[in-house]
**Student:** 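For reference, the structure I am asking about is given below.
On a predicted model such as this, the values are computed, not experimentally measured, just so you know. Below, all heavy atoms of this structure are taken into account, side chains as well, without hydrogens, waters or symmetry copies. Below, read A as the first sequence line, B as the second, and so on, with proteins coming before strands; counting in each chain starts at 1.
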Number of protein chains: 2
Amino acid sequence: MKMSVTIKDVAKKANVAPSTVSRVIHNSPAISEKTKRKVRRVLKEMGYHMNENARNLVTKSTKAIGIVMKSSAKESLYNPFFPEVIRGIGDFCNKEGFSLSLTTGETEDAIFEDVVKMVQGRRVDGMIVLYSKKDDRVVPYLLKQGFPFVLIGKPSTNMSGITFIDNDNVQAAMEVTEFVIDLGHERIAFLGGSPEFEVISDRLMGFQQAVEQAGLAVPREYIKLIPLNRNDGIKAIDDLLELKETPTAFLVTDLLLAVLLLGVLAERNVKVPQQVSVVCFNHSEFIEFLSTPLTTVDIHTYQLGYEAAKCVFDLISNPEMMEKNIRIPTRIIKRESHFAVKKEIKRKM
Amino acid sequence: MKMSVTIKDVAKKANVAPSTVSRVIHNSPAISEKTKRKVRRVLKEMGYHMNENARNLVTKSTKAIGIVMKSSAKESLYNPFFPEVIRGIGDFCNKEGFSLSLTTGETEDAIFEDVVKMVQGRRVDGMIVLYSKKDDRVVPYLLKQGFPFVLIGKPSTNMSGITFIDNDNVQAAMEVTEFVIDLGHERIAFLGGSPEFEVISDRLMGFQQAVEQAGLAVPREYIKLIPLNRNDGIKAIDDLLELKETPTAFLVTDLLLAVLLLGVLAERNVKVPQQVSVVCFNHSEFIEFLSTPLTTVDIHTYQLGYEAAKCVFDLISNPEMMEKNIRIPTRIIKRESHFAVKKEIKRKM
DNA sequence: GTGAAAGCGCTAACAG
DNA sequence: CTGTTAGCGCTTTCAC
């Protein structure tokens, strides 16, 4: 590794003081054009590049933000959410010349340690927390430290002072449920991940509200909240299909489960959308590759990330800023996995 | 943001010199147990945490490694490769107390700038480059700087001195092709992404070698190299299915294409594995969610990342180390999407 | 065993 | 306009 040129080296060669070089680098208006030109030439000649650690040390800022991946990479592995949200964050950061640091821990404790190291170690100026869970220690810690951060997701109800970016999942679920009801469905099943995650419980709530408002009764067996894996998924789906009155529509909170559902339905020879409707949360371009054109709810993951980055940025620039709550709107992307229930079909099922 | 406790503060409170505190932190054997205990108590009491920038400045090391995502997050969006390889890298880093930095640029130039900033800015001690393409500037730059880095993938043929981690894709493709041939297949199609990527062209090569060795002829129409999107995919698959002699087996280089293929086959009422076999590269747990139990080639993405991290780590510890080339073995995961061709079927098709 | 002092590369008053 | 100076918080000789 080559030894690197410092501001001093440049100063010497250009016959100016180090501070002058520093000023030129920051394009201070106090420096004459002549000197600037001269110094810039030397800067280039010598291939100078700033040592960020030194700058960080004195300015107490790093131009870097950290991403806390609460849900370990493993969990979110199949979930396009993770790369997509990072892309959003990354785009904004790139625009502002910020760099990105990731937590690497897999366990709750390891992640917490990562966060402490980033924060106390002054490695980042702000943090973005992905997915907060109930018993989380990270958010309270950040809050206590007064460290600039934003949450993608929803904070626990008893916490204030948190800026967070989120979809209105209750609302989104209501809308999509109403959409399904408007198609004429009366027997709608809800298939989702663990309600331990706010996302899921919110969506369930929206679903239930819409259903109630429509004066429909949803039997308890229509609501399946399960861990995201093949066996539990298949079991849940089979349970639904073996009911006396099977659902005519499925609202699914996760693409993975939707993929599984479509597969199982195909095997059981149940036609989508001719016999049942399927609508799924978290649109991703991935669905293009499924043969059934799935109707989805787009939660704008990229925007979620982008806005979050923007918020931390603002928070870093002005720490006194009031907390705020940005809702990224959702949108139903209609494809052909839903159908308007026709009377005959309704009677038949 | 609370002002943070420095080594000086601790020193004062503990009635020792700053250097002593530093030694205690690093558990220097030169310090008496008594002093250590005392200092450690104060350290804890005051909630001391190291300012990494200061340490980095003097030690000229950062305990951080950078990840260059050549293939932008957008491209790899649906590809579990990205999160999985990062998980591997992350796990190793976590074990060694390293942190992770990501490039955020989307364009070639922006990425290059990110790399320069990381390297010259002394933000990282080493780099891992994911996916190198032909005309890449990053690798030559790193090489010229003598900066510790490893490549996940294969370097351009005319470059030496590069440590890289890779699968033997030619070999893997040969093996899996032989596996398919051994099942009795004689008409095998190759469905893959752009041969601009070494991965793809290597796999194609392996495929062709195996086929030739078996004395089978593969008509040109059996080889489909296409961009990864729905329309081109469907078109290619339909082309194959409309041939006079349709393939009895498909070797697919990408999970996405395999998903699409399964979908199209289902629509065309072609049964897998009863009528055709499908085998796919890049195993991922995602396939658990497909109704057809896909037979896959596991390239051990996690290991790829883990080993890469280990290599940069070694390289950082000992920069004089010879370059090396680690091949992560691949493995066929047999499921039920393949079948042994029985004579009747063969005749019928 | 421990302390004093120098310095990593940079910025930011304060002079002039 | 530019130079001088004093640190940022830490590590690391070199003394004692």
**Student:** Do B/Ser4 and A/Arg122 meet the criterion of a side-chain donor-acceptor pair at a distance under 3.5 Å?
**Tutor:**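 Indeed, the side chains of B/Ser4 and A/Arg122 share at least one donor-acceptor pair under 3.5 Å.
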
**Student:** State whether the side chain of B/Thr163 and the backbone N or O of B/Lys324 hold a donor-acceptor pair below 3.5 Å, judged by distance alone.
**Tutor:**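 The answer is yes, because a donor-acceptor pair under 3.5 Å joins these two groups.
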
**Student:** Can you pull out every salt bridge (charged side-chain N to carboxylate O under 4.0 Å, His left out) where at least one residue sits in residues 44-68 of chain B? Sequence neighbours excluded, please.
**Tutor:**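 Listed once each, the pairs are A/Arg123-B/Glu52, B/Lys13-B/Glu45, B/Arg41-B/Glu45, B/Glu52-B/Arg55.
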
**Student:** Taking A/Lys36 for its side chain and A/Ser28 for its backbone only, find out whether a donor-acceptor pair lies under 3.5 Å.
**Tutor:**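 The answer is yes, because a donor-acceptor pair under 3.5 Å joins these two groups.
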
**Student:** Which heavy-atom pair separates A/Cys93 from A/Leu100 by the least distance, and what is that distance?
**Tutor:**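 In terms of heavy atoms, the two residues are closest at SG-CD1, 3.4 Å.
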
**Student:** Go through DNA chain C in 5' to 3' direction and return only the first and the last nucleotide with some atom under 4.0 Å of chain B's heavy atoms.
**Tutor:**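 With heavy atoms of chain B under 4.0 Å away, the range is C/dG1 to C/dG9.
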
**Student:** Near DNA chain C, which residues from residues 51-59 of chain B have a heavy atom under 4.0 Å away?
**Tutor:**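 Nucleic-acid contacts, sorted: B/Leu57, B/Val58.
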
**Student:** Apply side-chain contact (heavy atoms from CB on, under 4.5 Å) to the pair A/Lys38 and A/Val16, showing each step before the final yes or no.
**Tutor:** CA-CA 10 Å; A/Lys38 182 176 63 181; A/Val16 293; 4.0 Å; yes

**Student:** Would A/Tyr306 and A/Lys95 count as a side-chain contact (heavy atoms from CB on, under 4.5 Å) here? Give the steps.
**Tutor:** CA-CA 11 Å; A/Tyr306 193 90; A/Lys95 208 181 272 178; 2.5 Å; yes

**Student:** For side-chain contact (heavy atoms from CB on, under 4.5 Å), just list the numbers for A/Leu143 and A/Phe149, CA-CA rounded to whole Å, side-chain angles, deciding distance to a tenth of an Å, and then say yes or no.
**Tutor:** CA-CA 8 Å; A/Leu143 217 47; A/Phe149 78 98; 3.8 Å; yes

**Student:** Need the bend value for the helix from C/dG1-D/dC16 to C/dG16-D/dC1: angle between end axes, 5 pairs each end, nearest 10°.
**Tutor:**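 Overall, the helix from C/dG1-D/dC16 to C/dG16-D/dC1 bends by 40° from one end axis to the other.
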
**Student:** Is it true that a side-chain atom of B/Ser317 and a backbone atom of B/Phe313 form a donor plus acceptor pair closer than 3.5 Å?
**Tutor:**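 Checked: pair present.
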
**Student:** Using modelled atom types and a 3.5 Å cut-off, is there a donor and acceptor pairing between side-chain atoms of A/Asp125 and backbone atoms of A/Thr62?
**Tutor:**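 Judged by distance alone, yes, a pair lies under 3.5 Å.
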
**Student:** Using a heavy-atom cut-off of under 4.0 Å over every strand shown, decide if B/Asp9 touches base, sugar-phosphate, or nothing.
**Tutor:**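 No contact at all - B/Asp9 keeps every heavy atom at 4.0 Å or more from the nucleic acid.
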
**Student:** Reckon B/Thr6 touches a base, only the sugar-phosphate, or nothing at all at heavy-atom distances under 4.0 Å?
**Tutor:**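 Answer is sugar-phosphate: B/Thr6 comes under 4.0 Å of backbone atoms only.
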
**Student:** Which is the 5'-most and which the 3'-most nucleotide of DNA chain D that has an atom under 4.0 Å from a heavy atom of chain A?
**Tutor:**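 From 5' to 3', the first and last contacting nucleotides are D/dC1 to D/dG9.
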
**Student:** If you compare all heavy atoms of A/Gly90 against all heavy atoms of B/Thr104, which two are closest, and at what distance to 0.1 Å?
**Tutor:**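 Smallest interatomic distance, heavy atoms only, reads O-CB, 3.3 Å.
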
**Student:** Starting from the C-alpha separation in whole Å, work towards a yes-or-no answer on side-chain contact (heavy atoms from CB on, under 4.5 Å) for B/Phe98 and B/Ile316.
**Tutor:** CA-CA 12 Å; B/Phe98 270 61; B/Ile316 291 166; 4.1 Å; yes

**Student:** For the side chain of B/Asn167 and the backbone of B/Ile299, is there at least one donor-acceptor N/O pair under 3.5 Å apart?
**Tutor:**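 Yes.
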
**Student:** On DNA chain C, does the nearest nucleotide to B/Val16 precede the nearest nucleotide to B/Lys60 from the 5' side, or the other way round? Give the residue.
**Tutor:**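 It is B/Val16 whose nearest nucleotide is closer to the 5' end.
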
**Student:** Using modelled atom types and a 3.5 Å cut-off, is there a donor and acceptor pairing between side-chain atoms of B/Asp9 and backbone atoms of B/Thr6?
**Tutor:**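 Yes, because the side chain of B/Asp9 sits within donor-acceptor range (under 3.5 Å) of the backbone of B/Thr6.
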
**Student:** Under a 3.5 Å distance rule, please check whether B/Thr103 uses its side chain to pair with a backbone N or O of B/Gly105 as donor and acceptor.
**Tutor:**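 No: the side chain of B/Thr103 does not pair with the backbone of B/Gly105.
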
**Student:** When you measure from every atom of DNA chain C, which of residues 22-45 of chain B have a heavy atom less than 4.0 Å away?
**Tutor:**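 Residues of residues 22-45 of chain B that come under 4.0 Å of DNA chain C are, in numerical order, B/Arg23, B/Ala30, B/Ile31, B/Ser32, B/Thr35.
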
